[in-house]
Structures are given as C-alpha cells and as structure tokens.
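Just so it is clear: chains get the letters A, B, ... in the order the sequence lines come, proteins before strands, and each one is counted from 1.
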Amino acid sequence: MEQTYIEDIAQKVGQEVLICGWLYNRRESGKIQFLLIRDGTGVIQAVVTKADGEAFEKALKLTQESSLKVWGTVREDPRAPGGYEVQIRNIEIVQRVEEKYPIDLKEHGPGFLLDHRHLWIRTPRQTAILRLRHEVMRSIRDFFDERGFIATEAPILTPSACEGTTTLFEVNYFDETAYLSQSGQLYLEATAMALGKVYWIGPAFRAEKSKTRKHLTEFWMAEAEVAFFDHEQNLKLQEELVKYVIQRCLQKRARELKELGRQTESLERVVAEPFARVTYAESLEIVNDLLKEKIASGEVEKLDWGDDFGAPHEEALGQHFGRPVFVEFFPAKMKAFYMEPKPDNPDLVLAADLIAPEGYGEIIGGSQRISDIALLKQRLKDFGLPEEPYQWYIDLRKYGGVPHSGFGLGVERLTTWIAGIEHLRETIPFPRMIYRLKP
RNA sequence: UCCUCGGUAGCUCAGCGGUAGAGCAACCGGCUGUUAACCGGUGGGUCGCAGGUUCGAAUCCUGCCCGAGGAGCCA
C-alpha cells in the first residue's frame, strides 16, 4: 500500500491509508488512545481502542519520536485537531525510542534548543519556518528564471577580500591563505558581462563578532547583477522581487504563516503599495526628528552626515513609513569602493539600502557599479586598496565596460520578516553564530 | 570587543547563611473522546569550575568557564 502524506489527508476521507512518520505525542484514557503522528507534512491524530486488540497493545509501547507505520481509515471529526483523524487498524513500530527523548512539548530555553537543533527542527513551529524558507528560496529562483536571468555561481574560496573592510574567515589553501567569500558580487559582475542578467543564491561568511538577533556568521544571500542596468532599474527590480516573494508566501504558505501566528495584513499591504523612497540626507532629518527625545536623553545617538544607521535608527525609519523604504544616495566615503557616483553630486553614490518595516531592518543593499576604468582605479587608491588582486575586476572595465547594477538580499532576514519571528537563527536549519558551531 | 542578566533534577524555575524543593518529563497504576489531557504513586542532584570568608556556603567574596539579551558592525 502506498504512503499517504498527512497534508493530503482531506482527500482520503472514508478510505484506508498508510501513514509513515514519528510519534509526536500520545494521550491515553483507559481503553482509548490518541496518537499524534507527524510525517514532515503535518500532524494527524490517530485513534485506537482496546477493541482493536494487537494494535492497541503496540500503541501502548510507543514513546515520543518513535518511528512507525499506521494503517487505518480517514474520517472527518470536529474533535480531532485539524478536523481529520485516522481510525487505526494496524501499527508497525519501525524503531521504538528506548531512551527518553530530550525535547518536551513545552518549556525550553534557547540555549538548550540550540544545543539540540538537530531535534528541535522536528517541532511544528520549526518545520513551518523551514517550509517558509523553502518558499522564499524557490520564489526567488522563479522570479529571476521567469525574467530570463541565468543562475550562475560565485566561488566560496576567494583569494582576497571583496570589499576590503569586514573581517573574513581564513582558510589554509595549500601554501596560501584563502578566505571564505563574504559576497559573490564582484564575480557576478564578471558573469553579467558574459551572460547579461545573472543571479545566484549562495552562502556568505562574515567573521564579525556580532551578537544580535539579526546576525549569523554564515548566511545566504540572493544576489543579482544586470549589465546596462542603471540605479532606477535596479530599485524597480528589487521592489518587484520582494513583492513577488511575499505574494508567493501569502498564497502558498498560508498554513505555515498561521502556525507562526503571523498577522498577514501588513504583508498584504507591502504587496499592494509602492515602496517608500528617501535620500540619505532626508533620512537623517527624519530619524533625528523621530528620535529627538531619546537623543536628548542620551539613549540614542544623533546621526551626523556620514554616520551609518544603528539598529534604533533603522527601526524608527521602518516604523515611520510602515512599509519597505529605500534609502538612497549615501556619501561615497561610507560605502564600498565600486559604487558609481551620482552624476549631479559626485560626493554621493547611486546606492540604496532597503529597510523592512516592523523593525526587521536592512534586507537589501545594492548599487550601480562604476563602469569607468580610470575612476575605478582612483577609487581603489582612495580606499587604500591594492590594484593587483583586483586586476581581473579592472579588466571588466578595460574590455567593454558598461553601466551595470546589482544587489544582495539577505535570505534569512527576509524570511524572518515574512515569518514575523523574533530571531533569524530559526530561519536556517543549522545557524552559525559567534558562540555556536555545533551541532 | 563592551554593557546587562543568568548557570540548582532530563526541562523550566523557586530557594539567597542552618536537613536540596516545585511543576513538567521519565517509570508504575487508574480512566472509552483526549486537545501541551487528567488523577494517584515511584525514582531522580558534584547546586557551572577553582579558591576564599564562616562553627556552618546553593546562598557571601574573588577569579575562571559557559550561555542569553542588548550595543557596535553588517545582509
């Protein structure tokens, strides 16, 4: 008999099915037992009574997370969680858990759960989040594929810093030192010159000693790069992408969003309305005004020209607009060396960060890239970077340099926002953080 | 790296100078519609580690280790 998955159970009412899974919980009341079985697609209640004989005796032996197969008949019953249940005919215990399962149905702290991440991911909340992550990943791919982008890859092992500044993880590479990539961007610029429109979703590594709910040392970025794209086209693409992903999650993952208790009204508004846009200069005024009381009391720092936003500033800006907001035209010196200057004010660059509402902070950073070879060399010099390791990158301007633009989107940050959860560590199966390398 | 809080039973915590506790989990028993079921019983401890103060330390002091929350930095 073929296995039926729990998510399809509604189509099997009145029929005999085979459920293969794990025991999530068991409740018994004398001559009747209720088994809650999970199979990765959902949880179903199965019922067995003393009159069922052998199956009842086997059910008594089942311990939490024991693996099992259950044959029985599906019926609708309002008393069952989810509205459907299986009347058990036969049970096969695949493996009985002999030792006590470490994770209870309630009351655990984050430290304990992270130590048991390999088991924690079995719980309904975690599977809902991971399914949502899958939808985010898949919809990003679909978005780009539908628009004729080519998926290409950037190397993880790199000879030098892409952006020069951030701390990198060092790796022994035979007789040399290599670094784990902190961004695929520079390589994507090269593949964009080969293929026109490119994207990739890959891991990025930052050895920053950050310890906040918004940081991982290993996270996934969706990056895109388009030849002949300018700043305006770049922002339009980003807005379409974010709306597309959210729309897909709302459509296809309503069950998971409900499981997470996510209020979807704000997400629906994000899809319906245009994103806000402010210049960096305007944003300074807005943020300083919004936070003027906290600045006066010394709780938050006042932002001066050239300052980057801190967490409170980012949050205030997100709350103020109540929808995603692009902050654009930053001072050149506070951003990376490769960004194209604003034509009417070369002290600013054609770059933008996208700030999510509801306090979720920056989810995208992007810019138009420098296309002129002389300017690029000058910028490397200004930033105190050597030309030699960037020779291949300079070549992109020597041989048919064109205006081009791109961006990087933080997959976990976007997923955290859509899920409406507190900490991004739950949006990746095995989070890597400053004090956490295991399991 | 800095600031704050914490580490006591498998888990979540109480106890804060005088015999080591509760709830949940586990195990045993009861209950034919449970919903993180309920009711009764049983077992379960190097009180993070090291040193100090004291007649006496889980409790007070010092150092170290580990973790959580926040800051900075960033996606």
Side-chain angles (χ1 to χ4, degrees), chain A residues 24-36 43 45-52 56 60 63-64 77-83 85 87 97-116 119-120 123-125 163 165-168 182-185 201-223 238 299-301 307-315 334-336 353-356 360-366 407-417 422-425 427-428 433-436:
Chain A
Y24 176 64
N25 192 20
R26 183 168 65 92
R27 290 185 276 265
E28 58 166 309
S29 177
K31 298 182 181 62
I32 186 167
Q33 296 181 68
F34 302 93
L35 311 182
L36 287 174
V43 178
Q45 174 165 283
V47 188
V48 64
T49 66
K50 190 128 195 176
D52 297 313
F56 186 84
L60 279 176
T63 47
Q64 194 185 357
D77 193 314
R79 293 171 298 186
E85 67 182 17
Q87 179 65 48
V97 173
E98 303 291 342
E99 256 180 68
K100 186 170 59 175
Y101 187 66
I103 299 198
D104 298 338
L105 268 48
K106 62 175 182 181
E107 286 198 312
H108 292 293
F112 178 84
L113 289 171
L114 286 165
D115 286 341
H116 295 81
L119 303 175
W120 184 24
T123 60
R125 175 184 160 90
E163 301 181 15
T165 50
T166 354
T167 326
L168 301 170
Q182 60 179 330
S183 164
Q185 183 203 312
I201 305 177
F205 305 87
R206 308 260 166 110
E208 291 153 359
K209 296 192 169 178
S210 301
K211 193 175 161 8
T212 80
R213 71 183 68 175
K214 293 191 177 106
H215 287 89
L216 299 168
T217 54
E218 177 184 302
F219 65 100
W220 287 69
M221 261 206 298
E223 297 180 274
Q238 293 170 39
E299 195 181 330
V300 174
E301 292 209 16
D307 286 347
D308 221 333
F309 295 174
H313 312 107
E314 222 173 64
E315 195 171 329
M334 65 182 283
K335 287 287 182 180
D353 289 348
L354 181 65
I355 313 291
Y360 286 96
E362 184 183 343
I363 54 171
I364 294 181
F407 61 90
L409 174 153
V411 169
E412 287 79 17
R413 285 198 182 168
L414 177 59
T415 307
T416 306
W417 168 35
E422 272 291 298
H423 203 303
L424 93 168
R425 64 188 164 208
T427 61
I428 188 166
M433 295 172 289
I434 176 166
Y435 296 126
R436 217 164 258 289

(Q) Quiz question: going by heavy-atom distance under 3.5 Å, is there a donor-acceptor pair between the base of B:rC73 and the side chain of A:Ser210? (A) yes
Q: Determine the contact category for A:Glu412: base if any of its heavy atoms lies under 4.0 Å from a base atom, sugar-phosphate if only primed atoms, P, OP1 or OP2 are that close, otherwise nothing.
A: nothing
Q) Counting side-chain heavy atoms from C-beta on, which of B:rC74, B:rG33, B:rC11 comes nearest to A:Gln45? A) B:rG33
Q.
Any base atoms under 4.0 Å from A:Asp308, or only sugar-phosphate, or nothing? Heavy atoms, all strands.
A. sugar-phosphate
Q.
Applying a 4.0 Å non-hydrogen cut-off, can you work out what A:His215 is touching in the nucleic acid: base, sugar-phosphate, or nothing?
A. base
Q) B:rG69, B:rU32, B:rC11: which one has an atom nearest the side-chain heavy atoms of A:His108? A) B:rC11
Q: Tell me what A:Glu314 touches on the nucleic acid: a base, only sugar-phosphate, or nothing, going by heavy atoms under 4.0 Å.
A: base
Q) For A:His116, which contact category applies under a 4.0 Å heavy-atom criterion: base, sugar-phosphate, or nothing? A) nothing
Q. Across the strands shown, which category fits A:Tyr101 at heavy-atom distances under 4.0 angstrom: base, sugar-phosphate, nothing?
A. nothing
Q: Looking only at side-chain atoms of A:Glu362, point me to the closest of B:rU34, B:rG72, B:rA75.
A: B:rA75
Q: Answer with yes or no whether A:Glu422 presents, from its side chain, a donor or acceptor under 3.5 Å of a partner atom in the base of B:rG69.
A: no
Q) Can you tell which of B:rC73, B:rA68, B:rA75 lies closest to the side chain of A:Arg436? A) B:rA68
